[in-house]
2 protein chains.
Amino acid sequence: MSPGHLPLVESCKPAKAVMSRVGDKWSMLIVIALRDGPLRFNEIKRAAGAISQRMLTLTLRSLERDGLVSRKVTPTTPPRVDYELTTLGHSLREPVEALGRWAFEHQTSIDAAQAAFDARAGIEPITGLADGGAVKGRAA
Amino acid sequence: MSPGHLPLVESCKPAKAVMSRVGDKWSMLIVIALRDGPLRFNEIKRAAGAISQRMLTLTLRSLERDGLVSRKVTPTTPPRVDYELTTLGHSLREPVEALGRWAFEHQTSIDAAQAAFDARAGIEPITGLADGGAVKGRAA
DNA sequence: CTGGATCCTAGGCGATACTG
DNA sequence: CAGTATCGCCTAGGATCCAG
């Protein structure tokens, strides 16, 4: 997709945008929650677990803006609002779920790599200098 | 992968972690930059474009910790450090590139949806209050 | 050239309170 | 029930200076 010799940052701007969506804290969780059909505001909230009403509203709006989710209002009392994945939204599930599968398949490899890295960090101080060797105390 | 009736948040924690990686500002850009072979610190920097040395170092470290990138130091003067995708890193490219392709394929749909949404937002002010109607500039 | 330590700001996100 | 408005924390991430 990218020729290879040009900045490569510009060549994948649209990809960057989508990756941000995928990586943000709640979007994909909501998309997955809606995979089996429409849900109401509070149903999504319950499904997502710890999301705040503020973030749910914002995320839903933004998902709607991107055309991934549709919003249907039924002006009764109390009001009823149903959210549903659009065709575009459903199509996004495929690559996203592939990514999810990758995560599960390689979970142990990642865990192992992290453990090994952390172990090395504790053992090799800074290149021979005798250092107390705090495991990178709670600073940053 | 998730039974469907449990919180669903906990069932995909590892996926969430990976999604965050994919979604963060520089990780995938670096992974893609390394797709054709090892690069030195400043070569990656040049390829990425606007990244700060701080973020490059941090991202690289964290990629290394996750076992996606390997770091090889050649202690010459000046020092030479090569970064290369590990097998795990390469395997991640597949789902990530799939996501990238999705982004390109549906770019126009998303653009259209956003334009339509913004247009609607401009028409329906806020329940009658005359609003100037700034289009809420969406940059990055 | 590689990369650590510091400082500083924008904004993501949660908590809470209020409206229709 | 659905949604908005306000506040305040906290972290991502850029700029800069220093060191090996």
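Below, chain A is the first sequence line, B the second, and so on; all start at residue 1.
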Going 5' to 3' through nucleotides 8-13 of chain C and flagging B where a protein heavy-atom sits under 4.0 Å of the base, S where only the sugar-phosphate is that close, and - otherwise, we get -----B

Set of salt bridge (charged side-chain N to carboxylate O under 4.0 Å, His left out) partners for A/R54, sequence neighbours left out: none

Counting N and O atoms only, with roles assigned by atom type, does the side chain of A/D66 sit under 3.5 Å from a partner on the main chain of A/L68, one being a donor and the other an acceptor? no

Without decimals, in angstroms, what is the distance between B/R61 CZ and D/dG13 C1'? 17 Å

For A/T59, check side-chain hydrogen bond (donor to acceptor under 3.5 Å, both in side chains) against everything at least two apart and list the hits. none

Describe the nucleic acid contact of B/T57 in one word from base, sugar-phosphate, nothing, applying a heavy-atom distance below 4.0 Å. sugar-phosphate

I want to check one thing: is the phosphate of C/dT2, taken as OP1 and OP2, less than 4.0 Å away from some side-chain N or O of B/R40? yes

Integer-rounded Å distance: D/dA2 C1' and A/K45 NZ: 12 Å

Of B/N42 and A/Q53, the one whose closest DNA chain C nucleotide lies more 5': B/N42

Is B/Y83 close enough to C/dC1 that one of its side-chain N or O atoms is under 4.0 Å from OP1 or OP2 there? no

Return the value, rounded to whole Å, for the distance between atom CG of A/L56 and atom C1' of D/dA2. 10 Å

side-chain hydrogen bond (donor to acceptor under 3.5 Å, both in side chains) involving B/S62 - partner list, sequence neighbours excluded: B/R21

Would one find more than 12 heavy atoms of other residues, nucleotides or ligands at under 6.0 Å from atom CD of A/E94? no

Selection from D/dG3, C/dT2, D/dC1 that lies nearest to any side-chain heavy atom of B/F41: C/dT2

In this structure, how many angstroms lie between the C1' atom of C/dC1 and the CG atom of B/D82, rounded? 12 Å

Applying side-chain hydrogen bond (donor to acceptor under 3.5 Å, both in side chains), name anything that partners B/R65, two or more places apart in sequence or on another chain. A/D118

B/S91 meets the side-chain contact (heavy atoms from CB on, under 4.5 Å) criterion, sequence neighbours left out, with A/W102, A/H106, B/L88

Using whole Å, report how far CZ of B/R21 lies from P of D/dA12. 11 Å

Figure out the CG/C1' separation between B/L60 and C/dC1, and round it to whole Å. 14 Å

Rounded to the nearest angstrom, tell me the gap between atom CD1 in B/I51 and atom P in D/dA12. 15 Å

Atom-pair distance (CG on A/L63; P on D/dG3), nearest Å: 14 Å

